[in-house]
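Data first, discussion second: the structure below is written as C-alpha cells.
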Amino acid sequence: MSSIELKKVVKRYGAVDVVHGIDLEIAEGEFVVLLGPSGCGKTTTLRMIAGLEDVSDGELSIGNQVVNAVAPKDRGVAMVFQNYALYPHMTVRQNMEFALRPLRLARSETDRRINETAVLLGLDELLARRPSQLSGGQRQRVAMARALVRTPDVFLFDEPLSNLDAKLRTQVRLEIGKLHKRLGTTIVYVTHDQVEAMTLADKIVIMQDGHIEQTGSPQEVYTRPRNRFVATFIGSPAMNIVPATISDGKLVGDHVSVEIPERFKKRVQAGQKVEFGIRPTEISLLDGAEQATATARVEVTEYLGDEALLDLRIGSQELIAEVPANQCPAEDAEVRLRFNPEALHIFDAETGMSLENQAR
Amino acid sequence: MNRPNRRQAVLVYLLLAVVLIVFLTPIYIIASSSVKPTPIMFQKPPAMVFTPTFEHYTQLFATRPFAKFMLNSLIAALGSTVFSLTFGSLAAYAISRIRHKRMNDVAFWILSMRMFPPIAVVVPYYIIFKASGLLDTPLALIIIYSTANIPLTVWLMKGFFDEVPRALEEAAAIDGYGLLQIFWYVTLPLAAPGLAVSAVFCFIFSWNEFIFALMLTGSNAQTVTVAVMSFWSSDAVQWGRIMAGSFIILIPGVIFVLTCQRWLVRGLTMGSVK
Ligand SMILES: Nc1ncnc2c1ncn2[C@@H]1O[C@H](COP(=O)(O)OP(=O)(O)O)[C@@H](O)[C@H]1O
Ligand SMILES: [Mg+2]
C-alpha cells in the first residue's frame with residue numbers, strides 16, 4: 001500500500017500541454033477514480049503514475065518517494081490496461097507466472113499465489129488456455145489476475161470495463177469493489193462512466209481539458225458541485241441549467257421566477273447574472289393550489305417503468321423532469337412545477353463557479 | 001458442387017499444372033541427368049528409360065573435396081543467417097520503436113546498402129580482405145553476405161515489430177522487465193514469423209551466392225556453387241558432375257525452408273489486445 005501525490009504535474013506533447021499542472025493527493029488504501037469526458041487527460045495522468053509517460057513538469061511521488069525518474073518496474077504498481085494487453089504467446093498460467101518472475105519467489109510461493117488468484121477470479125479452469133481461446137470477460141479477469149498476483153502497492157486501472165457488455169460490466173464492477181475491500185490496496189481507476197465512478201470511488205477526481213474540476217467523495221461531487229461543468233457532468237439525466245438575473249430577492253429567468261434560498265442570499269447582488277441548476281428529480285408537479293415556480297408545456301414523455309422523464313418547455317427554455325410514472329401527464333399538457341429550493345444550485349454566469357459555500 | 005464452381009476449379013488446377021511444369025522441369029532435368037550415363041545424356045528425344053548410374057556422384061566426390069565445400073557453404077550461409085538475424089532484428093527493433101523524425105531516413109539508408117550492384121564492390125572487398133588476411137576464409141563470406149542480408153532483415157523485421165502492440169511491452173515494463181528482457185521474452189517471440197521469413201531469405205541468398213564466393217575464395221573456403229561451376233572449363237564441360245552437384249545443392253535449401261515453415265504462422269498476437 002502506498003500513498004500517491006501529484007504536485008503541479010504537467011504533461012506536454014511538443015508545445016501542447018494536455019495535463020495542466022494538476023495537484024492530487026491519494027491516501028494509502030484509497031480508491032480514487034479519475035472521471036471525465038474522452039480526451040480530458042485521464043489516461044495520460046494514469047500513465048504518468050505508472051511511469052509509462054515522462055512527467056514534463058512538477059513532482060510525482062509514490063509512498064513519499066519522488067518517482068519522476070524511477071522506472072515503471074521499480075514503482076510497485078500493477079496496471080490493468082483498457083485492452084488487457086495479455087501476452088498472447090503464453091497461457092493464462094504463464095501470463096501470471098511471467099508477472100511474478102521478477103519477484104524471484106520460491107516455486108511453491110509462485111504456485112500458491114497463482115492458484116489462489118485463479119480461484120479468487122474464477123480462472124482455475126482456464127489456466128492452460130491461451131488468451132485467444134478466452135471470451136472478453138475472461139480476458140478481462142486474466143488481466144486483473146496478472147495484476148493481482150504481484151500484490152502491488154498500487155493498482156492502476158484504465159477503463160477496465162469498457163470492452164464488456166452491460167451485464168458483465170455491472171458484475172465485474174461489483175467484484176472490483178469487493179476486491180478493494182478485501183485487499184485494501186490503493187487504486188487509481190480511470191473511467192468516463194459516472195456510474196462506475198459513483199459506485200466504486202472513495203474519492204472522485206473530475207477532469208476536463210487537462211484540469212481537475214473537482215475532487216471529492218461521490219456525495220460531495222453530486223450534492224455540492226464546484227462548478228457548472230461538474231454539476232452537469234455528474235447525474236443522469238443531466239442537471240437543468242437556467243439563465244437568470246437576481247432581482248428583488250428572486251432568480252428571474254425567462255418565464256420563471258424562483259425565490260432565492262436563504263443560504264445564497266448573502267452571496268448574490270441585485271442585477272447579477274447567474275445560472276441556476278436543478279436536477280430533474282428535484283422538479284415536482286403541483287396539483288393543488290400551492291404557489292408554482294413555473295408553468296410549462298409537456299413536449300415529450302418517456303416512460304421508464306417506475307419513473308417517467310418529461311421534456312418540458314418554459315418559454316424558450318427546455319427542461320427535463322423526472323417524476324413518478326403514475327403522475328405522468330399527457331403530452332402537450334400544461335403543468336405547474338415546483339423546484340425544490342433546498343436542491344437549487346446557483347452558478348456565476350461568467351465563471352460557471354458555484355456560489356455555494358465550498359468546503360475547500 | 002455446381003457447374004460454375006466446377007469450371008473454376010478445373011481452371012485453377014490447369015493453371016497450377018502449368019506453373020508446376022515451369023518450375024519442376026529444370027529440377028527434373030537436373031535430377032534425371034545426374035543419374036544418366038554420359039553417352040545418352042544429350043540424346044534427342046531425351047531418353048526416358050535407362051539404367052540409372054551414380055557414377056557422376058562418385059566422380060563428384062572423388063575429383064573434388066565436395067563434402068568440404070558443402071560444409072563451407074553451410075558455414076557461410078548459416079553464419080550469415082545467424083549474424084543477420086541477430087543484428088538485423090536488433091536494428092529493426094530500434095527503428096520500429098524510437099520516435100524520431102529522421103528515423104525513416106536511417107531505415108532507407110540501411111536499405112540502400114542492398115541496392116549496390118555486388119560486382120561494383122567486389123574488387124574493393126578483395127583488397128580489404130587480402131589486407132586483413134580474411135581472403136579465402138568463411139568469415140569473409142559471412143561478412144559479405146551479411147551486408148546484403150542485414151538490410152533485408154531490418155526491413156522485414158521492422159514490419160513485424162510494428163505489428164506487436166506497444167501495450168504488451170508496457171505491461172512487461174510494469175511487470176518488472178528491462179528493455180532487452182522485454183525484447184527477448186515478449187516482442188521477439190511475437191515476431192517469430194518474421195524471423196522465419198528473414199532466415200529463409202538470408203539462407204537461400206547466401207547458399208546460392210556465386211560472384212563473391214568465386215572472387216573471394218580459393219581452395220580453402222570454396223563453396224558448392226563455385227565448385228560446381230569448376231567442372232565447366234575451357235577444355236571440357238563435365239555435365240554429369242555439374243548435374244549431380246546441382247542436385248545436391250538443391251537439397252539443403254528445401255530442408256531449411258521446410259524447417260522454417262512451422263514458424264510461418266499468422267495471427268500470433270490474437271487475443272492480446274481487443
Ligand atoms: N502521444 C501523444 N501525442 C500527442 N497528444 C497526445 C498523445 N497521447 C495523448 N494525447 C492527447 O492528450 C489528450 C488526453 O488524452 P488521454 O489522456 O488519452 O485522454 P482520456 O484518457 O481522458 O480519454 C488528448 O487530447 C490526446 O489527443
Ligand atoms: Mg483513456
Side-chain angles (χ1 to χ4, degrees), chain A residues 13-14 43 46-47 49-53 71-92 94-104 129-136 138-140 142-143 146-147 149-150 152 154-156 158-160 162-164, chain B residues 85 89 93-94 96-104 157 159-199 260-274:
Chain A
Y13 288 114
T43 296
L46 194 75
R47 288 170 58 85
I49 297 173
L52 298 174
E53 299 283 352
K73 66 190 176 79
D74 301 320
R75 294 191 181 197
V77 301
M79 182 155 163
V80 176
F81 289 76
Q82 181 168 9
N83 52 22
Y84 313 144
L86 303 178
Y87 307 121
H89 53 310
M90 303 180 194
T91 62
V92 172
Q94 286 165 342
N95 263 276
M96 288 195 253
E97 237 166 34
F98 189 72
L100 281 177
R101 204 183 315 157
L103 301 182
R104 300 180 183 284
R129 298 249 193 115
R130 294 275 174 102
S132 58
Q133 301 164 319
L134 300 174
S135 71
Q138 291 167 333
R139 284 178 199 174
Q140 203 278 338
V142 176
R146 194 178 61 184
V149 271
R150 289 176 47 214
V154 176
F155 271 126
L156 306 175
D158 190 0
E159 311 226 7
S162 61
N163 288 328
L164 303 181
Chain B
L85 291 195
S89 51
Y93 187 54
S96 164
R97 290 302 189 256
I98 296 174
R99 286 175 186 278
H100 190 279
K101 53 183 184 302
R102 304 304 296 271
M103 219 54 204
N104 275 338
M157 291 308 291
F160 279 87
F161 288 145
D162 286 346
E163 296 297 307
V164 176
R166 291 289 166 101
L168 294 182
E169 298 181 346
E170 292 173 348
I174 291 179
D175 279 347
Y177 293 89
L179 187 63
L180 283 178
Q181 288 173 311
I182 294 173
F183 177 70
W184 184 251
Y185 291 120
V186 178
T187 318
L188 202 56
L190 295 174
L195 280 180
V197 175
S198 306
C260 289
Q261 204 174 27
R262 59 184 289 251
W263 297 104
L264 294 176
V265 284
R266 284 180 301 158
L268 223 50
T269 54
M270 252 181 62
S272 63
V273 293
K274 274 281 289 198

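Letters A, B, ... are given to chains in the order of the sequence lines, protein chains preceding strands, and every chain is numbered from 1. Predicted, not measured: the structure shown is a model, and the values here were computed from it.
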Discussion item. Test your reading of the model: is there a side-chain donor-acceptor pair from A:Tyr87 to the backbone of B:Tyr185, 3.5 Å cut-off?
Written reply: no
Discussion item. Heavy-atom pairs under 4.5 Å with chain B: which of A:Arg75, A:Arg130, A:Arg146 has the most?
Written reply: A:Arg146
Fill in: Shortest non-hydrogen contact between A:His89 and B:Leu190, atoms and distance
ND1-CD2, 3.5 Å
Worksheet entry | Nearest atoms (heavy-atom pairs only) where B:Ala172 meets A:Phe98 | CB-CE2, 4.1 Å
Worksheet item: A:Ala78 versus chain B, heavy atoms under 4.5 Å apart: side chain, backbone, both or neither?
Response: backbone
Worksheet item: Side chain, backbone, both or neither: which part of A:Arg101 has a heavy atom under 4.5 Å from chain B?
Response: both
Worksheet item: Would a 4.5 Å heavy-atom cut-off, applied to side chains only, mark A:Met79 and B:Glu170 as touching?
Response: no
Worksheet, complete the sentence: Tightest non-hydrogen contact, residues A:Ala85 and B:Ala171, listed as O-CB, 4.0 Å
Worksheet item: Which distance, rounded to the nearest 0.5 Å, do you find between the CD1 of B:Ile182 and the NZ of A:Lys73?
Response: 9.5 Å
Response to the item:
In terms of heavy-atom contacts, B:Ala173 and A:Pro72 come closest through O-CB, 4.0 Å
Worksheet, complete the sentence: For A:Leu86 and B:Leu168, the nearest pair of non-hydrogen atoms, with its separation, is O-CD2, 3.0 Å
